[in-house]
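The structure appears right after this line, and notes come after that.
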Amino acid sequence: MVRRITLGSGDPKRLFVGGLHGDEWRHTSGLLESLDAPGAGTLVVIPKLTDLAYVSTLDERYYTGYGRDLIAAIEETRPAIYLELHSYSDFDGLTDSRRIDKKGVPAYVELEDGVLIGSISPILRRKCFSVHNFCVSFEIPDENGRSHRTITRLLDFVKDCVSVGYFVDFLLEQYPEQGRVAIANYKRFYGLV
Ligand SMILES: [Zn+2]
């Protein structure tokens with residue numbers, strides 16, 4: 001049974017997930033566990049989905065293995081806002097501008113202190129979400145204490161988000177250049193332009 005923490009109540013509902021594969025949870029679970037209840041609506045946190053051997057969320061096999069627990073949690077929660085928190089060691093691979101050709105997903109964009117923003121797996125997006133959902137993925141370096149301040153601020157913001165528009169305004173205000181790139185990637189990827 002995957003542990004879930006439910007904070008607050010009512011709409012909008014948000015689901016934050018960490019520890020999506022391998023030992024990633026070591027870098028992400030503590031951050032998710034320390035979140036407070038949102039000002040309005042619900043926040044459901046899964047600090048550690050699994051600690052089993054790494055399978056990429058871009059691989060179909062992910063969703064027939066421990067990813068089934070993730071799909072079950074999404075179907076039960078039906079979040080308007082869905083966030084994955086990953087940790088990485090391969091900065092160059094994630095931010096490679098050719099990632100869209102190599103992996104079928106846009107490159108991550110660095111916001112600050114090694115914190116990257118990008119898209120969730122298109123497999124999960126197709127299975128569980130529509131264009132009305134706001135889905136975002138953050139990646140933090142697996143060894144860089146500096147990133148904690150930035151990611152904590154971002155998590156705190158998304159936790160209180162009520163819509164994608166709210167987040168877009170924040171992103172463009174805080175990170176005008178990177179925000180524009182991230183938003184353009186997102187729209188292109190989901191066929192919104
Ligand atoms: Zn990951």
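For ligands, and for the atoms within them, numbers begin at 1 and follow the listed sequence. These values consider heavy atoms only, across backbone and side chains, with no hydrogens, waters or symmetry-generated copies.
The CZ atom of R99 lies 6.0 Å from the OH atom of Y108; values are rounded to the nearest 0.5 Å.
For Y190 and Y186, the ring centers are positioned less than 6.0 Å apart.
Only protein N, O or S atoms were considered, and those under 2.8 Å from the Zn ion (ligand 1) are H21 NE2, E24 OE2, H86 ND1.
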Legend entry - Evaluation steps, side chain to side chain contact (heavy atoms under 4.5 Å, CB included), between L154 and F138: CA-CA 9 Å; L154 288 163; F138 288 109; 3.9 Å; yes
Pair up each side-chain donor or acceptor in residues 80-87 with any protein partner under 3.5 Å, not counting sequence neighbours, and list the distances.
{"unit_1": "Y82", "atom_1": "OH", "unit_2": "E84", "atom_2": "OE2", "d": "2.7"}
{"unit_1": "E84", "atom_1": "OE1", "unit_2": "H86", "atom_2": "NE2", "d": "2.8"}
{"unit_1": "H86", "atom_1": "ND1", "unit_2": "H21", "atom_2": "NE2", "d": "3.3"}
{"unit_1": "H86", "atom_1": "ND1", "unit_2": "E24", "atom_2": "OE1", "d": "3.4"}
{"unit_1": "H86", "atom_1": "ND1", "unit_2": "E24", "atom_2": "OE2", "d": "3.2"}

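A salt bridge does not link E33 with K48: every distance from a Lys NZ or Arg NE/NH1/NH2 to an Asp or Glu carboxylate oxygen is 4.0 Å or more.
Between the side chain of T77 and the backbone N or O of P79, no donor-acceptor pair lies under 3.5 Å.
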